Amino acid sequence: MERTYKAITELILQAKNKRREKQSGADSIDPIFDQMRGIDWPIKCTVGPGLEGAIACKSRVGFVNGSEGSLIYRGYDIFDLCAYSSFEEVSYLLLYGELPNDRDLASFTSRLREYRFMPNTLRMMMSAPVESLNPMAALRIGTNFMHQRKTWRDRECAKPPLEDAIASDEDSIPMETPPRGEKRAIYEFRRPHLDRPRAERPALDDAESMESCMHLIAGMATLAAAIGRLRRGRLPIEPDPELSHAANLLYMMTGRRPTPMEERAMDVALILHADHGMNASTFACLVVASTMSDIYFSVDAGIGALNGPLHGGANELVTKMLREIGSPDNVPSWYRKARESGKKIPGFGHRVYKTYDPRAEVLAPLAGMLAETNPNCAKMLLTARGLEEMVVAEMGENKKIFPNVDLHSGIIYHALGVPEDLYTVLFAVSRVSGWTARVMEYLENNRIFRPRSLYVGEFNREYVPLENR
Ligand code: ACO
């Protein structure tokens with residue numbers, strides 16, 4: 001265990017040194033930090049399509065320096081966090097702003113361990129057609145199930161009138177009268193009547209509390225693994241409270257306790273994906289939170305945004321693409337065709353980074369280490385390297401297109417035995433730390449998000465009745 005830990009730490013520190021060599025004046029504070037200090041609302045900035053350049057809010061959670069290619073969480077360099085920290089500690093850091101001491105970390109970790117167990121949520125998940133849903137849709141459903149009957153808003157604001165609730169009891173559904181005497185307008189549910197689930201512990205009274213954040217961080221890992229199993233017609237595996245978050249996640253997904261190397265690789269991947277500035281999914285979470293909805297609905301929005309192929313969905317597309325290319329020899333012809341078709345190549349390019357994504361610089365050597373014992377991954381990795389060479393040679397300096405985090409993450413998940421349909425789900429399992437941290441921060445000084453659009457449509461059109469059109 002100790003040897004593996006050291007080997008991976010060494011690998012990450014080497015990646016950090018390489019990065020430093022590339023940066024000129026790496027020890028000095030980048031001017032962009034200074035430019036940002038002291039700025040207050042209203043902020044003047046140039047906004048491009050896709051809100052490029054827009055400042056959504058102030059934040060102390062994390063920062064992406066796209067020209068330098070650096071990423072920090074709460075002031076700590078991502079390379080150092082990957083080298084020395086754990087996902088549990090990083091989640092605490094993101095949520096509370098400081099690294100925990102021994103006691104705080106032990107108590108935080110023990111809360112996460114408790115929240116891994118979600119029998120009632122999983123019971124509800126098993127009543128949904130998980131096997132035929134997009135896994136990210138199943139994850140959204142799962143986070144909604146996590147939130148049911150728990151928050152004060154459900155109890156106080158959204159609770160149905162008692163008579164309606166009684167009338168909608170499962171037993172009474174077949175007695176419902178179809179509208180206007182129609183015979184086939186009503187679904188019939190013929191599920192066996194199960195015992196009412198016992199209340200899940202611990203009870204959550206506030207939908208925007210640190211408890212909800214911990215519930216989501218721990219619970220989404222359980223959900224992800226359960227979704228993977230249910231999709232394959234298998235029952236979810238009960239969490240093991242003795243294992244770390246990373247090891248337990250792999251255990252619940254694969255049914256096998258991971259090796260120290262696998263556990264550490266998973267941990268590093270979780271840390272790397274935990275937060276990333278004002279990306280699309282984080283912004284989606286904040287928009288929902290800003291309406292004073294609640295954190296479960298906010299995370300739900302984040303999952304939806306992350307699902308897209310331009311964002312978190314790219315990791316799955318990368319491994320599909322690498323398989324389609326087949327081998328390093330096929331890269332040139334595949335690449336030429338892709339460029340001719342004007343296709344964007346998954347795993348490359350970024351709105352903010354105009355150089356190598358530092359996360360890719362950690363994941364590339366990590367994938368290399370895992371590929372040493374996995375020939376299938378070795379082939380994928382060589383193909384990815386060949387593709388990287390071609391993309392960077394043609395579009396690196398010219399268009400500032402470099403590998404992003406998604407180029408190697410799928411190869412790593414593949415080596416860890418994670419099914420491909422869970423790659424984007426895994427991204428969410430990690431990013432939920434950043435989402436919740438930023439929602440909590442934003443709510444301290446909440447103002448509803450309400451941008452405007454540039455109206456370029458017509459005015460004063462005369463309404464023409466349907467029969468005259
Ligand atoms: N392959 C080929 N060309 C690309 C790529 C790519 N992956 N990415 C950008 N370009 C080109 C565009 O075609 C465009 O060229 P043009 O100026 O000649 O029209 C130029 O670079 C700028 O691209 P935009 O699409 O305007 O960049 P934007 O900032 O809007 O998009 C994005 C960023 C969505 C990440 C884009 O690079 C992309 O689609 N990449 C592939 C998908 C991907 O890997 N997404 C994951 C990103 S990381 C994450 O979200 C976790």
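Just follow the structure's listing: the first ligand is 1, and inside any ligand the first atom is 1. All values reported here derive from a predicted model rather than from experimental measurement.
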| field | From CA spacing to verdict: ring pair (Phe, Tyr, Trp, His ring centres under 6.0 Å), His276, His311 | value | CA-CA 12 Å; His276 203 246; His311 194 9; 8.9 Å; no

| query | Below 4.0 Å from any atom of ligand 1, is there a heavy atom belonging to Gly50? | reply | no

| said: Give me the residue, atom name and distance of the protein heavy atom closest to atom 10 (N) of ligand 1. | reply: Ile401 CD1, 3.4 Å

| Aromatic ring proximity, centroids under 6.0 angstrom, Phe283 and Phe449 | yes

| message | Any protein heavy-atom neighbour for atom 15 (O) of ligand 1 (distance below 4.0 angstrom)? | response | yes

| Would a 4.0 Å cut-off, counted as strictly less than, catch a protein heavy atom around atom 1 (N) of ligand 1? | yes

| said: For Ala269, is there any backbone N or O sitting under 3.5 Å from a side-chain donor or acceptor partner on His273? | reply: yes

| task | May I ask you to check whether His350 and Phe402 place their ring centers less than 6.0 Å from one another? | result | no

| message | Whether Asp77 and Lys16 form a salt bridge (side-chain N of Lys/Arg under 4.0 Å from carboxylate O of Asp/Glu) is what I want to check. | response | no

| field | Phe427: numbered ligand 1 atoms lying under 4.0 Å from its heavy atoms | value | 51 (C)

| said: Any protein heavy-atom neighbour for atom 22 (C) of ligand 1 (distance below 4.0 angstrom)? | reply: no

| query | What do you reckon, does Met395 have a nitrogen or oxygen under 3.5 Å from a nitrogen or oxygen of ligand 1? | reply | no

| remark: In terms of heavy-atom contacts, Tyr423 and Val418 come closest through CE2-O, 3.3 Å

| said: Evaluate Arg351 for polar contact with ligand 1, using N/O atom pairs at a separation under 3.5 Å. | reply: yes

| Under 4.0 Å to a heavy atom of Pro309 - the qualifying atoms of ligand 1, by number | 42 (C), 45 (N)

| Backbone or side chain, does any N or O of Lys343 fall under 3.5 Å from an N or O of ligand 1? | no

| Protein residue, atom and distance nearest to atom 6 (C) of ligand 1, heavy-atom basis | Ile345 N, 3.4 Å

| said: When you compare ligand 1 with Phe348, is there at least one nitrogen or oxygen pair between them that comes in under 3.5 angstrom? | reply: yes

| Does His311 approach ligand 1 within less than 4.0 angstrom via side chain, backbone, both or neither, non-hydrogen atoms only? | both

| Arg19 and Glu361 ion-paired at < 4.0 Å | yes

| said: Within ligand 1, which atoms have a heavy atom of Leu310 less than 4.0 Å away? | reply: 34 (C), 39 (O), 45 (N), 46 (C), 47 (C), 50 (O)

| Nearest-0.5 Å distance, CG of residue Asp357 to NE2 of residue His408 | 11.0 Å

| task | May I ask you to identify the nearest protein heavy atom to atom 46 (C) of ligand 1, giving residue, atom name and distance to one decimal place in Å? | result | Asp406 OD2, 3.3 Å

| message | Considering non-hydrogen atoms of the protein only, which is the closest contact for atom 48 (S) of ligand 1, and what is the distance? | response | His350 CD2, 3.7 Å

| Protein heavy-atom partner closest to atom 35 (C) of ligand 1 - residue, atom, separation in Å | Gly349 O, 3.7 Å

| query | How far is atom 26 (O) of ligand 1 from its nearest protein heavy atom, and which residue and atom name does that atom have? | reply | Lys344 NZ, 4.8 Å

| Just distances here: any N/O of Ala314 and N/O of ligand 1 closer than 3.5 Å? | no

| task | Looking only at protein heavy atoms, identify the closest one to atom 47 (C) of ligand 1 and say how far it is in Å. | result | Asn404 ND2, 3.5 Å

| message | Does only the side chain of Ala280 get under 4.0 Å from ligand 1, or the backbone, or both, or neither? Count heavy atoms. | response | neither

| Is Arg74 reaching over with its side chain to a backbone N or O of Leu93, donor-acceptor style, under 3.5 angstrom? | yes

| query | For ligand 1, is any non-hydrogen atom under 4.0 Å from Glu52's backbone (N, CA, C, O), its side chain (CB onward), both, or neither? | reply | neither

| note | Nearest heavy-atom approach of His245 to Glu88 is N-OE2, 2.7 Å

| query | Under 4.0 Å from atom 32 (C) of ligand 1, do we find at least one protein heavy atom? | reply | no

| With no hydrogens and no angle check, is any side-chain donor or acceptor of Tyr73 less than 3.5 Å from a backbone partner on Ile271? | yes

| message | Distance under 4.0 Å to a non-hydrogen atom of Lys399: what atoms of ligand 1 satisfy this? | response | 15 (O), 16 (P), 18 (O)

| note | Shortest non-hydrogen pair, Ser281 vs Gly302, comes out as CB-O, 3.3 Å

| Is Lys400 positioned over the aromatic face of Tyr353, cation under 6.0 angstrom from the ring centre and no more than 45 degrees off axis? | no

| field | atom 8 (N) of ligand 1 touched by protein heavy atom at under 4.0 Å | value | yes

| Which atom names give the shortest non-hydrogen contact between Val429 and Phe87, and what distance separates them? | O-CZ, 4.0 Å

| said: Within the supplied structure, the quantity of interest is the number of heavy atoms (other residues, nucleotides, ligands) at a distance under 6.0 Å from Lys320 NZ; does it exceed 12? | reply: yes

